[in-house]
Peer 1: 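Before we start, here is the structure in question, set down as structure tokens.
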Amino acid sequence: MMPTANTVYIGLGSNLNQPQAQLNQAIEALKNLTQSHLIKHSSFYLSPPMGPTDQNDYINAVVELKTYLQPLALLDQLQAIEKAQGRVRNKQRWGARTLDLDLLLYGQQVIQQARLEVPHYGIKQRAFVVLPLLEIAPSIELPNFGPLNRLTQKLANQEITKL
Ligand code: ROI
């Protein structure tokens, strides 16, 4: 039987070393991802750092991919792109970074593994994830939750600018 492609959503974030250029470069890398096809990407969004505030504002976006990669193989590829773009894992949790690629959703799968939690644990609290995701997938549903657009009201107080 033909294996089916999975629709996945990936969150991109950067607040170091020309964030917009970092995201553009990451989108190019995702276009070249093995066994995958980039369907679309959102606009870029500017927001103040959530968490530690002694760091630059962030640029964020979301992309939709179709992929035959299994979740952990996809995670390996995303981490390789982060590394290629100079991501250094430093001591401060939630510190500044050149590039963060988060696997937000993998079809409607729920994954709870040591290396990987899907849906990404932060989705529902973060306007910088929800807004770009709804821009490219207005009817998207979260497993065990329902339509993501139920959250827009609750997140309306978070400062964020669509660029
Ligand atoms: N804050 C914003 N605005 N955007 C991010 O991508 C982001 N990523 C993070 C933390 C440090 C939690 N804050 C963020 O990992």
Side-chain angles (χ1 to χ4, degrees), residues 7-31 33 36 38-65 67 71-72 74-106 110-138 140 142-143 145 148-163:
T7 301
V8 307
Y9 294 89
I10 296 162
L12 297 77
S14 172
N15 76 338
L16 277 184
N17 203 353
Q18 301 190 276
Q20 304 213 27
Q22 295 290 343
L23 261 55
N24 281 320
Q25 190 181 334
I27 288 168
E28 288 308 306
L30 290 169
K31 282 182 184 164
L33 202 64
S36 307
L38 189 146
I39 304 295
K40 52 184 137 177
H41 65 81
S42 72
S43 308
F44 290 179
Y45 291 75
L46 176 70
S47 61
M50 178 172 273
T53 52
D54 58 338
Q55 55 180 321
N56 301 334
D57 288 354
Y58 277 80
I59 302 288
N60 289 104
V62 169
V63 307
E64 178 180 331
L65 281 185
T67 188
L72 289 176
L74 176 58
L75 181 64
D76 287 339
Q77 296 287 329
L78 299 181
Q79 291 183 346
I81 295 170
E82 290 177 339
K83 204 168 175 188
Q85 291 188 219
R87 170 85 178 260
V88 184
R89 303 229 166 228
N90 42 29
K91 302 221 177 74
Q92 191 188 33
R93 193 173 182 228
W94 290 352
R97 68 281 309 273
T98 51
L99 181 64
D100 194 18
L101 295 177
D102 289 333
L103 180 47
L104 302 171
L105 288 169
Y106 189 102
V110 175
I111 304 167
Q112 308 250 21
Q113 294 185 1
R115 273 190 74 201
L116 183 63
E117 180 176 339
V118 176
H120 188 272
Y121 68 92
I123 294 182
K124 289 195 263 181
Q125 294 81 294
R126 298 178 172 185
F128 62 82
V129 175
V130 169
L131 268 55
L133 183 50
L134 284 173
E135 179 192 339
I136 61 171
I140 192 88
L142 295 190
F145 180 76
L148 186 68
N149 69 12
R150 281 171 40 198
L151 291 169
T152 27
Q153 292 272 1
K154 198 161 70 182
L155 300 176
N157 60 334
Q158 291 183 25
E159 184 187 342
I160 181 164
T161 307
K162 182 175 173 176
L163 300 179

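Just so it is clear, the structure is predicted and the values come from calculations on it, not from any experiment. Remember, it's 1-based here, ligands and their atoms both numbered in the order they're listed.
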Peer 1: Is the shortest side-chain heavy-atom distance between Leu78 and Asp76 below 4.5 Å?
Peer 2: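 In short, these two side chains do not touch, never coming nearer than 4.5 Å.
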Peer 1: Output yes when a side-chain donor or acceptor of Asn60 lies under 3.5 Å from a complementary backbone atom of Phe128, and no otherwise.
Peer 2: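 No.
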Peer 1: Return the residue, atom name and 0.1 Å-rounded distance of the protein heavy atom closest to atom 15 (O) of ligand 1.
Peer 2: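 For this ligand atom, the closest protein heavy atom is Arg97 NH1, 3.2 Å.
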Peer 1: Side chain of Gln55, backbone of Pro52: donor and acceptor closer than 3.5 Å?
Peer 2: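 Such a contact is found between Gln55 side chain and Pro52 backbone.
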Peer 1: Is Arg126 in polar range of ligand 1, meaning some N or O pair under 3.5 Å apart?
Peer 2: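 It does not: no N or O of Arg126 is found under 3.5 Å from an N or O of ligand 1.
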Peer 1: Under 4.0 Å from ligand 1, counting heavy atoms only, is it the side chain of Pro48, its backbone, both or neither?
Peer 2: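 Within the 4.0 Å criterion, Pro48 contacts ligand 1 through backbone atoms alone.
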Peer 1: Considering heavy atoms of the protein only, find what lies nearest to atom 4 (N) of ligand 1 and give residue, atom and distance to 0.1 Å.
Peer 2: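 Looking only at protein heavy atoms, the one closest to atom 4 (N) of ligand 1 is Asn60 OD1, 3.0 Å.
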Peer 1: Please tell me whether Arg115 and Gln79 have a donor and an acceptor in their side chains that are separated by less than 3.5 angstrom.
Peer 2: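 On atom types as modelled, these side chains qualify, holding a pair under 3.5 Å.
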Peer 1: Where do Ser43 and Glu135 land on the side chain to side chain donor-acceptor pair (under 3.5 Å) test, with the steps shown first?
Peer 2: CA-CA 8 Å; Ser43 308; Glu135 179 192 339; 2.8 Å; yes
Peer 1: Please list the nearest protein heavy atom to atom 1 (N) of ligand 1 with its residue and the distance rounded to 0.1 Å.
Peer 2: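 Result for atom 1 (N) of ligand 1: Met50 N, 2.9 Å.
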Peer 1: Considering only heavy atoms of Ser47, which atoms of ligand 1 have at least one such atom less than 4.0 Å away?
Peer 2: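 Contacts of ligand 1 toward Ser47, numbered from 1: 2 (C), 3 (N).
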Peer 1: Please tell me if the side chains of Val129 and Asp102 come closer than 4.5 Å, counting only heavy atoms from C-beta onward.
Peer 2: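 Val129 vs Asp102: side chains apart.
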Peer 1: Closer than 4.0 Å to some heavy atom of Pro49 - which atoms of ligand 1 meet that?
Peer 2: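 Within the 4.0 Å cut-off of Pro49, ligand 1 contributes 1 (N), 3 (N).
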